[in-house]
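Notes for the one structure printed next.
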Amino acid sequence: MNGTEKLIDLFENQEKFIEFFIKNCYFMPVKSVQDRATEMLETIKSGGKLPIRYGKKLNANYKVDGAKALDKKDKKAITEFADKGNLRFNEKNIFVSIDPTGNQAAVNAIYQATKHLVSTSKSTIINFTISHIWEGTTNNPLFFSSLWNVVIIPNFLNYIMDKPKNQHSINEDIQETMKAICYRLYNPNDIMKSYVQIEQPKEEFLKRADEAIKENWIKYLPENSEVISETEEIVEEEKELATVKDLNIFDDNDFEKKLDVINNLNNKEFIFNLLNLSVEYEIFDKLFPILIDEYLCKEYFMQNYPVLVDSKKNVDKLRYYNKNLFEYKGKSYYVTNDWYKNTSKNARKNRTPFISMIREMIQES
């Protein structure tokens, strides 16, 4: 007895179900996929960190100088190695970061490409999930946040992507077909240069992928077209006059309402209140290594500058407040003023992914 049969029985045959599956997924726009690949290659070239999802099986692929038996280390120890810049992906000698929510880098890459939030508590696409197409690759920095390895799939269909192939023939058919489609659409071996060499899918799956593309079954995730009207935008501007006192009316455990208030404050109140909130909810120690790293700020929430710097000597001084430094463990840090709302004309609307990351981290804490 197999529950998947109940789903397939709703269709004329298995092929019709596969067609239905493909037609109801959202693939990433080709240019966005290429742009993300270029961004990742530039990070590697510059010696920055790429994100991975934490996994227990690390010994075969990762190295920390002077440390052995990584599989026997807990997540906290592995994360500390990564935070200090010591965790390296052996195959290509790439330094990595442990994703703070397990999906933030992919969430941010999709948001940057389409202005949609997916697989978060504030998703703009409901009951869809981020699905990594090549299985067992979320602990590989070349695959984890690459958009050629991501498809947005309805929740009620996505379970098939994770099921063993021997449970039902449909599992292999769909999993391998999705790889073939991404292989055809994005050509990952070319856009990732010499860093990725994916084996070409079998001919039967490439044939089905070609049919899906030819018959226009492929649906790309469109840009979020929700536009705030002039009246609503004026209200947003008025809300910027709100002060930190507004947070005192909420219960200590009601962080969602606190985040909503903070998101409508002006930039200075926004970032300082958010930093204080992260301290209040005891996630700041986990957040701090990201906030001081230029590459990770870009990877996780589209911020082009470190949020915190102890000196303005090597940064754009205009991007940081001169006064009201943030104190952490007896040390003072300058705080960036470079934040943009969804109502901003600036393409880098970085408040949304930053608040989304904070929200997910609080929920997990």
Side-chain angles (χ1 to χ4, degrees), residues 14-41 44 50-53 61 89 91-92 94 103 105-106 109-110 112-114 118-119 128-154 157-166 168-222:
Q14 192 159 302
E15 284 298 319
K16 287 295 183 182
F17 174 67
I18 294 174
E19 178 182 342
F20 173 84
F21 188 104
I22 296 169
K23 284 182 173 180
N24 285 279
C25 293
Y26 283 110
F27 293 81
M28 298 306 302
V30 175
K31 186 178 185 305
S32 298
V33 172
Q34 294 169 341
D35 289 346
R36 174 58 185 158
T38 298
E39 185 178 66
M40 291 175 66
L41 293 174
I44 294 170
L50 286 180
I52 61 170
R53 181 181 294 168
N61 298 313
F89 180 58
E91 186 180 331
K92 300 293 182 179
I94 298 170
N103 238 5
I110 294 166
Q112 186 170 352
T114 67
V118 188
S119 295
F128 281 81
T129 192
I130 297 172
S131 183
H132 288 85
I133 301 305
W134 274 266
E135 69 277 4
T137 58
T138 56
N139 66 350
N140 183 323
L142 298 168
F143 283 75
F144 174 56
S145 60
S146 288
L147 292 182
W148 48 262
N149 188 29
V150 164
V151 177
I152 313 304
I153 300 178
L157 294 174
N158 187 59
Y159 80 96
I160 292 175
M161 297 298 295
D162 299 322
K163 295 302 179 184
K165 294 176 180 178
N166 60 7
H168 196 287
S169 62
I170 197 69
N171 296 347
E172 179 176 13
D173 277 355
I174 285 180
Q175 291 169 23
E176 296 304 313
T177 295
M178 295 297 281
K179 289 178 188 174
I181 291 173
C182 291
Y183 186 89
R184 284 293 203 222
L185 290 178
Y186 309 125
N187 205 345
N189 291 345
D190 279 355
I191 64 174
M192 293 299 291
K193 309 302 182 186
S194 61
Y195 284 94
V196 167
Q197 287 300 314
I198 294 172
E199 184 179 351
Q200 180 172 297
K202 292 180 180 178
E203 189 61 34
E204 63 181 294
F205 301 115
L206 286 174
K207 183 178 179 181
R208 185 183 286 139
D210 290 337
E211 178 187 9
I213 295 169
K214 180 181 178 182
E215 296 298 325
N216 294 317
W217 297 355
I218 305 301
K219 183 163 52 178
Y220 294 104
L221 184 62

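Here the structure is a predicted model, which is why all the values come from computation and not from measurement.
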Non-hydrogen atoms of S119 and I130 that approach each other most closely: OG-N, 2.9 Å

Trace of the side chain to side chain contact (heavy atoms under 4.5 Å, CB included) decision for E135 with D162: CA-CA 8 Å; E135 69 277 4; D162 299 322; over 6 Å; no

Return the CD1 to NE2 distance between I174 and H168, rounded to the nearest 0.5 Å. 10.0 Å

Atom CE of M178 and atom CG of N149: how far apart are they, to the nearest 0.5 Å? 11.0 Å

For the residue pair E91 / N61, report whether a side-chain donor-acceptor contact shorter than 3.5 Å exists. no

Which pair of heavy atoms, one from L221 and one from T114, lies closest together, and at what distance? CD2-OG1, 3.7 Å

Donor + acceptor pair across side chains of S145, R36 (<3.5 Å): yes

Inter-residue atom distance N166.CG - N171.CG, 0.5 Å rounding: 8.5 Å

How about NZ on K16, more than 12 heavy atoms from neighbouring residues, nucleotides or ligands closer than 6.0 Å, or not? no

Side chain to side chain contact (heavy atoms under 4.5 Å, CB included) between V151 and C182, worked out: CA-CA 9 Å; V151 177; C182 291; 3.8 Å; yes

Relative to the ring of H132, is the ring of F144 parallel (under 30°), tilted (30 to 60°) or perpendicular (over 60°)? parallel

Salt bridge or not between R208 and E15? Use side-chain N to carboxylate O under 4.0 Å. yes

Quick one: CD1 on I18 to OG1 on T177, what's the gap to the nearest 0.5 Å? 5.5 Å

K163 with E172: basic N within carboxylate O range, under 4.0 Å: no

Give me the ring orientation class for F20 and F17: parallel if the planes are under 30° apart, tilted from 30 to 60°, perpendicular past 60°. parallel

What is the minimum heavy-atom distance between L147 and Y186, and which atoms define it? O-CE1, 4.5 Å

Is there side-chain contact between K219 and F27, with at least one heavy-atom pair below 4.5 Å? no

Closest heavy-atom contact between M28 and V150? CG-O, 3.8 Å

Less than 6.0 Å separating the ring centroids of W148 and F143? yes

Taking all non-hydrogen atoms of both residues into account, name the closest pair between L142 and M40 and its distance. O-CE, 3.9 Å

Quick check: do Q14 and I170 have side-chain heavy atoms less than 4.5 Å from each other? yes

How long is the straight-line distance from SG of C25 back to CE of M161, given to the nearest 0.5 Å? 8.0 Å

Are any side-chain N or O atoms of N139 and backbone N or O atoms of R53, one a donor and one an acceptor, separated by less than 3.5 Å? no

Would N158 and T129 count as having a side-chain donor-acceptor pair, cut-off 3.5 Å? no

Are D210 and K214 ion-paired here, with the side-chain N under 4.0 Å from a carboxylate O? no

Which donor-acceptor pairs under 3.5 Å do the side chains of residues 192-203 make with protein atoms, sequence neighbours left out?
none

Measure across F128 and N24 and return the closest heavy-atom pair with its distance rounded to 0.1 Å. CE2-O, 3.7 Å

Is the distance from the ring center of Y26 to that of Y220 below 6.0 Å? no

Verify side chain to side chain contact (heavy atoms under 4.5 Å, CB included) between L50 and F89, making sure each step is shown before the conclusion. CA-CA 10 Å; L50 286 180; F89 180 58; over 6 Å; no

Start with the C-alpha gap between K23 and E19, add the side-chain angles, then the distance that decides, and say whether salt bridge (charged side-chain N to carboxylate O under 4.0 Å, His left out) holds. CA-CA 6 Å; K23 284 182 173 180; E19 178 182 342; 2.7 Å; yes

When rounded to the nearest 0.5 angstrom, what distance separates CD in E211 from CD1 in I22? 8.0 Å

